[in-house]
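Written out below as structure tokens is the structure these notes cover.
Every chain is numbered from 1 and lettered A, B, ... according to where its sequence line falls, protein lines coming before strand lines.
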2 protein chains.
Amino acid sequence: MEIHQLAYFIAIVETGSFSKAAERCSVAQPSLSQQIKKLETEIGHLLFDRLGRRVVLTNAGEMLIPKAQRILDEVQGIKVDIPSDIEEGQGSLAVGFIPTISPFVLPSVIRRFSQEFPQASLEVHEDLTEDIVQKLVSAELDVGITSLPIKNKMLQTEELLTETLLVASSSKYDIASRASIQVKELDDFPFIALNEVHCLGEQVQSFCYQEEVDLSIVCHTSQLSTVHKCVAMGLGISLVPQALAIDDPIEEVSYRAISDSLPQRKIVAATHIKRHRSYLAQQFIEIVRSEYPSNHSA
Amino acid sequence: MEIHQLAYFIAIVETGSFSKAAERCSVAQPSLSQQIKKLETEIGHLLFDRLGRRVVLTNAGEMLIPKAQRILDEVQGIKVDIPSDIEEGQGSLAVGFIPTISPFVLPSVIRRFSQEFPQASLEVHEDLTEDIVQKLVSAELDVGITSLPIKNKMLQTEELLTETLLVASSSKYDIASRASIQVKELDDFPFIALNEVHCLGEQVQSFCYQEEVDLSIVCHTSQLSTVHKCVAMGLGISLVPQALAIDDPIEEVSYRAISDSLPQRKIVAATHIKRHRSYLAQQFIEIVRSEYPSNHSA
DNA sequence: TACTATTCATAGCTTGCGCCTATACAATAT
DNA sequence: ATATTGTATAGGCGCAAGCTATGAATAGTA
């Protein structure tokens, strides 16, 4: 059974004749006759009684009408609905954030996304970079919001922004009140380090290695918020994302830029290199970009 | 868009791969790839992201699944449902009876037909032979129950039974008590004639013409029941179908056969020569045959 | 009643599309 | 690195749908 056969059939029913139906369908009348014959053979019943110059529906033909009409409508529906549904933002999207980003952007991003695309179903994962990469590769996630570097060659990244890391310290240390901070001064103070399972932890470490600074680490934590609290309690200083200072500042803590060398991390949207970036994914990325504190409040 | 394309699509979704789907659909994998590509072009969106050795659904593909599945189910339904519905006696049937038959058979025929085919929709017309013929030709009616002759060459007839016409008379006339009645005796009595718009009226007239009997008609009526009542009141005698005597006898009236020449009418089911005789039509005809009083009670 | 016009079916030919095989290319597992 | 698995591309083939021409039969008309 073929769709055009059903279309021919309905055309005959509506026009009342093979010839008129053929004209409407832009085919020759014999072609249409042949196709109806095939349809009849497949169904096992005559659809029309041929009275010579006239045709009338058989019972089988009568029963076919609603079924055929329905199928044709649905086929038409596919061609119309899917493109329009996609423009309306229907569909699903699975995204991942790393823990040193999500606190600043997740709430506002989810809120805006849900408002703009109420029809979409959003699934958010918080994971370490490594896991996000893996899930992007396996297509469990559509978009990952992480920071560079990402070395997996199956993934592509779109840069969202470059975020500066600031020196966070309490007033207990005089570094908080200096006019400008030099890189070399970092090792003069006890340092609160983020565990290296976080890319931010790695980034800080590699920055210091590059700048030949030998930190005196007094504490390793596994959450950025813990780092923050430790700094506030005066246990030491640390390097934290600017977004933390903007989004969630603590009164007792000062956030100062290093004057002679800027530690930075690049925030990116990572996607699978072979996968089509859906409309929802694109829009999501733009929302993250605009809602990111360092951009958003600027 | 073609049905096999949707089938290929669903097969890929269910098997998770083009190759496996191709095997299930009994086509080569490249053929299937081509058809999916065409489908994607027509819909205007990619349905799968090709990750090399793996494929994953896009949002558009996700949306297509239920729609495609539904269409495939419905197509399958057509091939299954229509034949089975017809076997179950679904469908419609329009039948016509002439007024000199309908009183004896219509009630019981309708009852039995409705019992046997509760799903069918039956439409019954009572009309003169001429109108029934016209409606059979124009396909407004599927079956006509009439009596011969029918000369229209677009119609074919199936003989149901041959019905004898009996002499009906009241006891007022001695014909009622004779051992046997001769044709020639008919003109000895006043005769109640049925109007010639009825074929029965014509048949009686032509019978008498053939037998060279010159009736002394005292009354023309347009209904057989009126003829019957007139006979009962002793206004005259008449020739009536055997079915009337069986189905609806009046006590004061005697019904006697003519001994030397049997007036008869053939009851037939007439149908359009070019139209397929539906299952319902066939069954209907058999019901009429078996429910006709002259057969039924025999 | 014969003639004409209309309509569907059939026959024979043409063409395009779906299918096939072979092969290239890419990703994952070993 | 190599083998294996899986999809895309290229080129050729055959069937099925399409077309034109014609036949058959009905319905309207002179």
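- Of the possible donor and acceptor atoms, one in the side chain of T58(A) sits under 3.5 Å from a partner among the backbone N and O of L46(A).
- Between the side chain of H198(B) and the backbone N or O of S222(B), at least one donor-acceptor pair lies under 3.5 Å.
- Counting only distance, with no hydrogens or angles, the side chain of R54(A) and the backbone of S138(B) share a donor-acceptor pair below 3.5 Å.
- The ring-ring contact (aromatic ring centres under 6.0 Å, His included) contacts involving residues 11-34 of chain B comprise F18(B)-F48(B), where partners must be two or more places apart or lie in separate chains.
- D49(A) places its CG atom 11 Å from the P atom of dA9(C), with the value rounded to the nearest Å.
- Residue S33(B) has a polar side-chain atom (N or O) positioned under 4.0 Å from OP1 or OP2 of dA8(D).
- Between K37(A) and dT10(C) there is a side-chain N or O to OP1 or OP2 distance below 4.0 Å.
- Phosphate proximity of dA9(C) to R50(A): present, with a side-chain N or O under 4.0 Å from OP1 or OP2.
- If one axis is set at each end of the helix from dT1(C)-dA30(D) to dT30(C)-dA1(D) from five pairs, those axes are 30° apart, to 10°.
- Side-chain atoms of E62(B) never come within 3.5 Å of backbone atoms of L57(B) as a donor-acceptor pair (strictly under, hydrogens ignored).
- K38(A) has no carboxylate O lying under 4.0 Å from a charged side-chain N of E2(A), or vice versa, which leaves the two without a salt bridge.
- Listed for the D49(B) side chain is a donor-acceptor partner under 3.5 Å among the backbone atoms of H276(A).
- A salt bridge links R50(A) with E40(A); the closest basic N to acidic carboxylate O contact falls under 4.0 Å.
- Residues of residues 14-24 of chain B having a heavy atom closer than 4.0 Å to DNA chain C: none are found.
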Run the numbers on E88(A) and S84(A) for side chain to side chain donor-acceptor pair (under 3.5 Å), then give the verdict. CA-CA 6 Å; E88(A) 283 173 22; S84(A) 76; 4.5 Å; no

Dump the pairs, protein N or O against N or O of nucleotides 27-29 of chain C, anything under 3.5 Å, distances to one decimal.
| unit_1 | atom_1 | unit_2 | atom_2 | d |
| --- | --- | --- | --- | --- |
| dA27(C) | N3 | R53(B) | NH1 | 3.4 |
| dT28(C) | OP1 | R54(B) | NH2 | 3.3 |
| dT28(C) | O2 | R53(B) | NH1 | 2.7 |

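- Checking each of V124(B), L160(B), V109(B) against I145(B) for a side chain to side chain contact (heavy atoms under 4.5 Å, CB included) leaves exactly one that passes, namely L160(B).
- Whole-Å rounding puts the L47(A) CG to dC8(C) C1' distance at 15 Å.
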Review item, side-chain donor-acceptor pairs of residues 72-81 of chain A, under 3.5 Å, at least two apart:
| unit_1 | atom_1 | unit_2 | atom_2 | d |
| --- | --- | --- | --- | --- |
| D73(A) | OD1 | Q69(A) | NE2 | 3.4 |
| E74(A) | OE2 | R70(B) | NE | 2.5 |
| K79(A) | NZ | E42(B) | OE2 | 3.3 |

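- The CD-P distance, from E40(B) to dT7(D), rounds to 13 Å in whole Å.
- Here the P atom of nucleotide dC17(C) and the CD1 atom of I3(B) are 18 Å apart, to the nearest Å.
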Counting primed atoms, P, OP1 and OP2 as sugar-phosphate and everything else as base, the B/S/- map of nucleotides 14-20 of chain D against protein heavy atoms under 4.0 Å is --SSBBB

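- Remark: R289(B) engages E286(B) in a salt bridge, criterion side-chain N to carboxylate O under 4.0 Å.
- With rounding to the nearest 0.5 angstrom, the CD1 atom of I43(A) is 4.5 Å from the CD1 atom of I82(B).
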